[in-house]
**Student:** 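Have a look at the structure that comes next, please.
By convention in this document, chain letters (A, B, ...) are assigned in the order of the sequence lines, proteins followed by strands, and residues within each chain are numbered from 1. Bear in mind the structure is a predicted one, so any value in this text is a computation, not a measurement.
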Amino acid sequence: MSGTLGQGSAGDRHQGRIDIARRAAHPSVMRDFHKRTGTEDELIRVVDALPGLVWTALPDGHVDFLNQRWCEYTGLSVDESYGQGWQTAIHCEDLPELLGRWRSILASGEPREMEARLRRFDGEYRWFLFRTNPLVDLSGQIVKWCGVNTDIEDRKRAKEAVNGVDRLFRSVVDGLPALVTLRKPAGDLEFANRHVLEYVGATIEELKQLPTTGTVHPDDLPNLLALWKGSVETGHPYEIEVRRRRADGVYRWFHMRGSPLRDTDGHIVIWYLLGTDVDDRNRAENLLAGEKRLLEMVAGGDSMSGILEALCQLVESTVTGCYCSVLLLGPDGTRLERGAAPSLPPNFIASIIGRPVKVDSGPCAMTAYLNEQVIATDLTAETRWAASDWCSMALAHGLQACWSTPISSTTGKVLGTFAIYFAQPRTPMPQHQILIDQFTHVASITIERAQTDAALKRSEAFLAEAQRLSSTGSFSWNTVTDKITWSEEVYHIYGLDPTVPITMERFGSRLHPDDVAHVSEHINRARGDGRDFEVDYRTQMDDHSVKYLHAVVHAGRDQDGQLEYFGAVQDVTERRLSEQALSKLRSDLAHIARVTSLGALTASIAHEVNQPLSGIITNASTCLRMLAADPPNIDGARETARRTIRDGNRASDVITRLRALFSKKDASTESVDLNEATREVIALSLSELQRNQVILRPELGDDLPPVTGDRVQLQQVILNLLLNASDAMGSVNDRPRQLIIKTERDEGDRVRLTVQDAGVGLEPQGVDKLFEAFYTTKSDGMGIGLSISRSIIESHHGRLWAAPNDGPGATFSFSIPRGSPSDMTGVHNLDPLQTPAVKDAQRIVRNP
Amino acid sequence: MVMRSLISVVDDDESVRESLPDLLREFGFSAEAFSSAEEFLASDCVGQTKCLILDISMPGMSGPDLQRELTVRRKRIPIVFITAHVDAAVRPRLLAQGAVECLFKPFSETALLNALNAALRVS
């Protein structure tokens, strides 16, 4: 391309060269040229070869010469460029200024420079520097102007680029959402970005007039100054958070960072200061920290009112100019109660407390009633609570806005209200709503926790009271660590100090010496088998008194899977003692019962004794008479004396039997022939039965095996059954008063005795009560006979029962195992706790 | 030989039946013992008996029952009741019903003799 153009312009170049040579033949100029080159051609070649666009003009500005490079660059021929023709190559925008400048140069006659864009042969404009220099003759007259045009496009571009970066930098700094200032090493303000000016609300000039730290919060100033001073001295960067005053007077937190800029010698040229607004972040952090603090208070068990108060204060410190209150819904849900309101006038809160929870009672009552947020942005225009005159009351306390929000439990139940008040009309913003949501939640946690705690404390108190009342303590025991925990009542039972932790040794030291072995056995077994168990044992107190304890123990696993026992231990001393007392009482009652029978048998006994006595006296009289006869009837006297002795023995037997049956003596265990025992009882009661016109039919079984037991006690039962049967027939006149007493073998190697009467029979409703103590159908009975009889039979591992007959009357039976002395529960050495006699005695006590 | 008066004893108690007739014989009476009222009634001694010593309570027919039976049979035999049951109320009732005496066991020889004398006077 260049080749083509070059060829096309070859003729022009030649023409120009000739013209220059010709027209340059000015005497003075030509003389200098001649001096140096010697030839005109050589001169022309030099000019053409110069690396610039070279031209000459006449003193009036008329261009009269252009070198070959000009023609090649612009693509204009020499002829086209002569005179004013060159102007077509100048950018039209630059031409007027260039021409004006050219004229002023011509007029000044001084060497000067101009700039303009020059069109290249391909149409592209590039900046050129036009340097002009006047050529003067010897007389000082300007004869010509010489000019050189140099391409400065690249330099210009570079400079423009530099200017652009500068502008960009500035606009970036201005646009930074941070406060950017530059200060001289001495502290004078050099630069402040737009953000600084807008924040402070001043121009840069105004700002320069302000003291260095004029917008910093007075409380933060000392720290900042100290830091700044230090940094200026050491040249170290610094960082600090300070509050800076905004144009509207509000202080906001800024994170300030200062860094020095140094020159190549290391001297500080300027300080760059960057301030970042951290107010929102700080606020959020403070809120978060505050919330955390509140939750810590909740977890730490602080008082509810203290926490709610702190909550109000936190919100008040977060939202400028607000006052907060928390009101609680009373237990019955109909009244508002005091929660916390640290900054509101006490009179104002006092007039809200106790208001009924209704829609028209006020914003908080309405909130609690509806379980909805209630916003009153301007109380002067509010009408909702006109009925209760709430607004005027609030206005009188200087409050003009109220936002009340329900505090709800996790189940949605209203616990109370959280209200924010303002002295001016105010509408909540989204950030307020977030704040309210956050703190009603914290309040809800606080109140629920307090209520749960209260319920728990109540429940614990109930439990402790129940433990105290029932003398029952609870405990746990980890078999791996041997760690034992006792409830307070256990310590109380053992008479140990609750502040000293319980150990196995301490527990063992309290055991009654006689119980150490079997308790140890239980404990050792429990370590292995992990089964529930119960144990009775005694503990010995410091004063050597003994407590009877009963423990019920349940096996479980702790969170680590270790075998652990939980249990309850009850002080059963009182019960045990009363059982022992009852046992004695029962024994006394049994005696009373026997004595009562004795009373019933008095006539019968008198008869039994009087019969042989009668025989004795009669025989003795006869004997005396026989001896007094002449001759004495010795044989007859001997016979009567023999009868006297026999009758005396008979009377003695009666007395012996009576003594055995009615004396108060401990039970004994022996082999008893039930038939023989029955016969003796019959002998004692026979006359009583006869007196009642009872026809007794004994059916005593042959080959009846002996039983093991207490002979007298069994006879007591038989006597009781016989007398009852006799009594039951006392009013029977329409049929024989037949009484059958029968002994026989019973199944299961037992012996059974049956007494069947033809009496009035059993009352259907009375059967169950028959064996209860003091139940009686007789006008003169105590009602303890059957109850004691049953307990005696049960102590012989037997059974006593009653059944109605098919015909008239009833049948009472007992059945006892033959047993052996070792099987026999020795009545005299029975544990009073275990014997039926005790149950019997307990029944007696329960059914007075 | 003087015919001795027959005294009959009715009592279910064997020792009385053994001892009392011997004493009565020592007194000089003739004596017979019966273990029950039924046995006495069935015997041939009813008509010859000058005095009846009768136990009050016996299985089956009691003493008073026998007394009534004898009245029904128009056998007027003086009766001396004896009893081992000490019941003071019994005596006046029996005396009112015609008994000569009521002795509570054990009774003395003298008491028995007085009663018998009274009975024999009656007869």
**Student:** Closest approach of B/S15 and A/G615, non-hydrogen atoms and distance?
**Tutor:**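 Between these two residues, the closest heavy atoms are OG-CA, 4.3 Å.
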**Student:** So, taking the atom named OG1 in A/T622 and the one named CG in B/L24, what distance separates them when rounded to the nearest 0.5 Å?
**Tutor:**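 CG of B/L24 is found 8.0 Å from OG1 of A/T622.
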**Student:** Rounded to the nearest 0.5 Å, what separation is found between the CG atom of B/L23 and the SG atom of A/C623?
**Tutor:**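 Reported value, rounded in 0.5 Å steps: 11.0 Å.
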**Student:** Could you tell me the separation between the CG atom of A/N610 and the CG atom of B/D13, rounded to the nearest 0.5 Å?
**Tutor:**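 Rounded to the nearest 0.5 Å, the CG-CG separation comes to 11.0 Å.
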**Student:** Distance from B/F107 atom CZ to A/S621 atom OG, nearest 0.5 Å?
**Tutor:**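 Rounded to the nearest 0.5 Å, the CZ-OG separation comes out at 9.0 Å.
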**Student:** Checking heavy atoms, do the side chain of A/L613, its backbone, both or neither come under 4.5 Å from chain B?
**Tutor:**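 Answer is both: backbone and side chain atoms of A/L613 are under 4.5 Å from chain B.
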**Student:** Would you please name every residue forming a ring-ring contact (aromatic ring centres under 6.0 Å, His included) with B/F29, sequence neighbours left out?
**Tutor:**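 For B/F29 there are no ring-ring contact (aromatic ring centres under 6.0 Å, His included) partners, ignoring immediate neighbours.
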**Student:** Does B/F40 have any ring-ring contact (aromatic ring centres under 6.0 Å, His included) partners at least two apart in sequence or in another chain, and if so, which?
**Tutor:**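 Here the qualifying residues are B/F34.
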**Student:** Who in residues 634-652 of chain A is close to chain B, using a strict under-4.5 Å heavy-atom cut-off?
**Tutor:**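 From residues 634-652 of chain A, the residues near chain B are A/T640, A/R643, A/R646, A/D647, A/R650.
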**Student:** Only heavy atoms, only distances under 4.5 angstrom. Which residues in residues 57-69 of chain B are near chain A?
**Tutor:**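 Expected list: B/S57, B/P59.
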**Student:** Go through A/T618, A/I695, A/V694 and name the one with the most non-hydrogen pairs under 4.5 angstrom from chain B.
**Tutor:**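 The residue among A/T618, A/I695, A/V694 with the greatest pair count is A/T618.
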